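It should be emphasised that the depicted structure is a prediction, and the values quoted were computed from it without experimental measurement.
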Amino acid sequence: MTPSKRQARIRRHSRIRMRVAGTASVPRLAIYRSNTGVYAQVIDDEAGKTLASASALSLKTKGTKSEKSALVGKEIAKIALEKNIKKVVFDRGGFLYTGRVKALADAAREAGLEF
């Protein structure tokens with residue numbers, strides 16, 4: 001039986017998480033994409049703490065989903081840079097690297113984050 005889209009994403013994410021982990025010096029930029037919004041967190045996996053977070057809901061802006069994703073990318077980069085986090089490991093959450101995921105990553109890079 002073929003897995004559902006959600007099950008396939010979770011499977012991809014578990015394969016990614018075997019290799020990707022955030023530390024205090026280089027935390028993990030984890031993203032989640034729902035039908036309505038995009039969420040981003042900078043996480044230190046060793047301490048189990050979220051260092052920064054941003055979402056399309058907290059920004060309360062108008063525009064397409066990709067435009068909102070780009071704004072979330074800029075916002076998470078701004079918050080991370082304020083906390084002296086310049087380098088992160090990107091965790092796309094099992095989502096394919098197109099559309100909103102790519103828009104968020106590109107905007108975060110342009111705003112100064114390195115991954």
Side-chain angles (χ1 to χ4, degrees):
M1 184 162 78
T2 58
S4 69
K5 265 183 141 176
R6 184 173 185 278
Q7 289 170 327
R9 182 192 73 78
I10 291 170
R11 201 169 180 187
R12 275 193 308 271
H13 191 214
S14 65
R15 279 197 312 263
I16 291 167
R17 288 289 288 126
M18 279 189 249
R19 285 177 273 145
V20 175
T23 62
S25 59
V26 183
R28 175 170 58 103
L29 173 60
I31 64 157
Y32 177 73
R33 172 178 71 84
S34 70
N35 285 338
T36 56
V38 169
Y39 308 85
Q41 292 181 319
V42 177
I43 303 167
D44 174 7
D45 288 316
E46 290 175 342
K49 297 213 185 236
T50 299
L51 306 173
S53 66
S55 72
L57 297 177
S58 66
L59 295 177
K60 293 186 176 24
T61 59
K62 301 255 186 227
T64 64
K65 291 178 184 177
S66 291
E67 290 168 353
K68 288 179 185 178
S69 297
L71 290 174
V72 170
K74 287 178 188 171
E75 183 67 19
I76 195 74
K78 186 180 92 174
I79 294 168
L81 290 171
E82 286 172 0
K83 297 185 179 192
N84 290 328
I85 300 168
K86 295 173 182 65
K87 202 167 190 177
V88 294
V89 178
F90 188 64
D91 175 11
R92 60 188 171 95
F95 298 103
L96 300 179
Y97 189 80
T98 59
R100 291 188 274 165
V101 175
K102 186 175 189 304
L104 189 147
D106 290 344
R109 277 192 197 102
E110 285 175 17
L113 276 184
E114 292 178 38
F115 28 116

| query | Is F115 reachable from I31 through a run of I, L, V, M, F, W or Y residues, each pair having side-chain heavy atoms under 4.5 Å apart? | reply | yes
| message | Does R100 form a side-chain contact (heavy atoms from CB on, under 4.5 Å) with V72? I'd like the steps, not just the answer. | response | CA-CA 10 Å; R100 291 188 274 165; V72 170; over 6 Å; no
| said: Could you check whether any side-chain N or O of R109 sits under 3.5 Å from a backbone N or O of G112, counting only pairs where one atom can act as donor and the other as acceptor? | reply: no
| request: Apply side-chain contact (heavy atoms from CB on, under 4.5 Å) to the pair R28 and V20, showing each step before the final yes or no. | output: CA-CA 8 Å; R28 175 170 58 103; V20 175; 4.0 Å; yes
| query | Is I43 close to P27 at the side-chain level, that is, under 4.5 Å between some pair of heavy atoms? | reply | no
| query | Are I16 and V26 connected in a single hydrophobic cluster, I mean Ile/Leu/Val/Met/Phe/Trp/Tyr linked by side-chain heavy atoms less than 4.5 Å apart? | reply | yes
| What is the distance from atom OG of S4 to atom CZ of R9, rounded to the nearest 0.5 Å? | 10.0 Å
| What residues form a salt bridge (charged side-chain N to carboxylate O under 4.0 Å, His left out) with D44, not counting sequence neighbours? | none
| Shortest non-hydrogen contact between K68 and T61, atoms and distance | CE-O, 3.3 Å
| With hydrophobic residues grouped by side-chain heavy-atom distances under 4.5 Å, do Y97 and V88 end up in a single group? | yes
| Between atom NZ of K60 and atom CG of L71, what is the distance when rounded to the nearest 0.5 Å? | 14.5 Å
| task | Is it possible for you to say whether I79 and V89 belong to one hydrophobic cluster, with membership spreading through side-chain heavy-atom contacts below 4.5 Å? | result | no
| message | Is the shortest side-chain heavy-atom distance between F90 and L113 below 4.5 Å? | response | no
| remark: Tightest non-hydrogen contact, residues S69 and A103, listed as CB-CB, 4.3 Å
| request: Run through D106, L104, T98 and flag the one making a side chain to side chain contact (heavy atoms under 4.5 Å, CB included) with K102. | output: D106
| request: Please answer whether the main-chain N or O of R92 pairs with a side-chain N or O of R33 as donor and acceptor at a distance below 3.5 Å. | output: no
| said: If hydrophobic clusters are built from ILVMFWY residues whose side chains come within less than 4.5 Å, do V42 and L59 share one? | reply: yes
| said: Tell me the closest heavy-atom pair linking E75 and A54, and the distance in Å. | reply: CG-CB, 3.9 Å
| message | Has K83 got a side-chain atom pairing as donor or acceptor with A52's backbone, closer than 3.5 angstrom? | response | no
| Okay, side chain of K65, backbone of N35: is any donor-acceptor separation there less than 3.5 Å? | yes
| note | Heavy-atom nearest pair, L29 first then A40, reads CD1-CB, 4.2 Å
| Applying ring pair (Phe, Tyr, Trp, His ring centres under 6.0 Å), which residue pairs with at least one partner in residues 10-39 are found, sequence neighbours left out? | Y32-F95
| said: On a heavy-atom basis, which atom in G99 and which in S66 lie closest, and how many Å separate them? | reply: C-OG, 4.4 Å
| note | Nearest heavy-atom approach of L81 to A111 is CD1-O, 3.2 Å
| query | Do R11 and R15 pass the side-chain contact (heavy atoms from CB on, under 4.5 Å) test, and can you show the C-alpha distance, the side-chain angles, and the key distance before you say yes or no? | reply | CA-CA 6 Å; R11 201 169 180 187; R15 279 197 312 263; 4.2 Å; yes
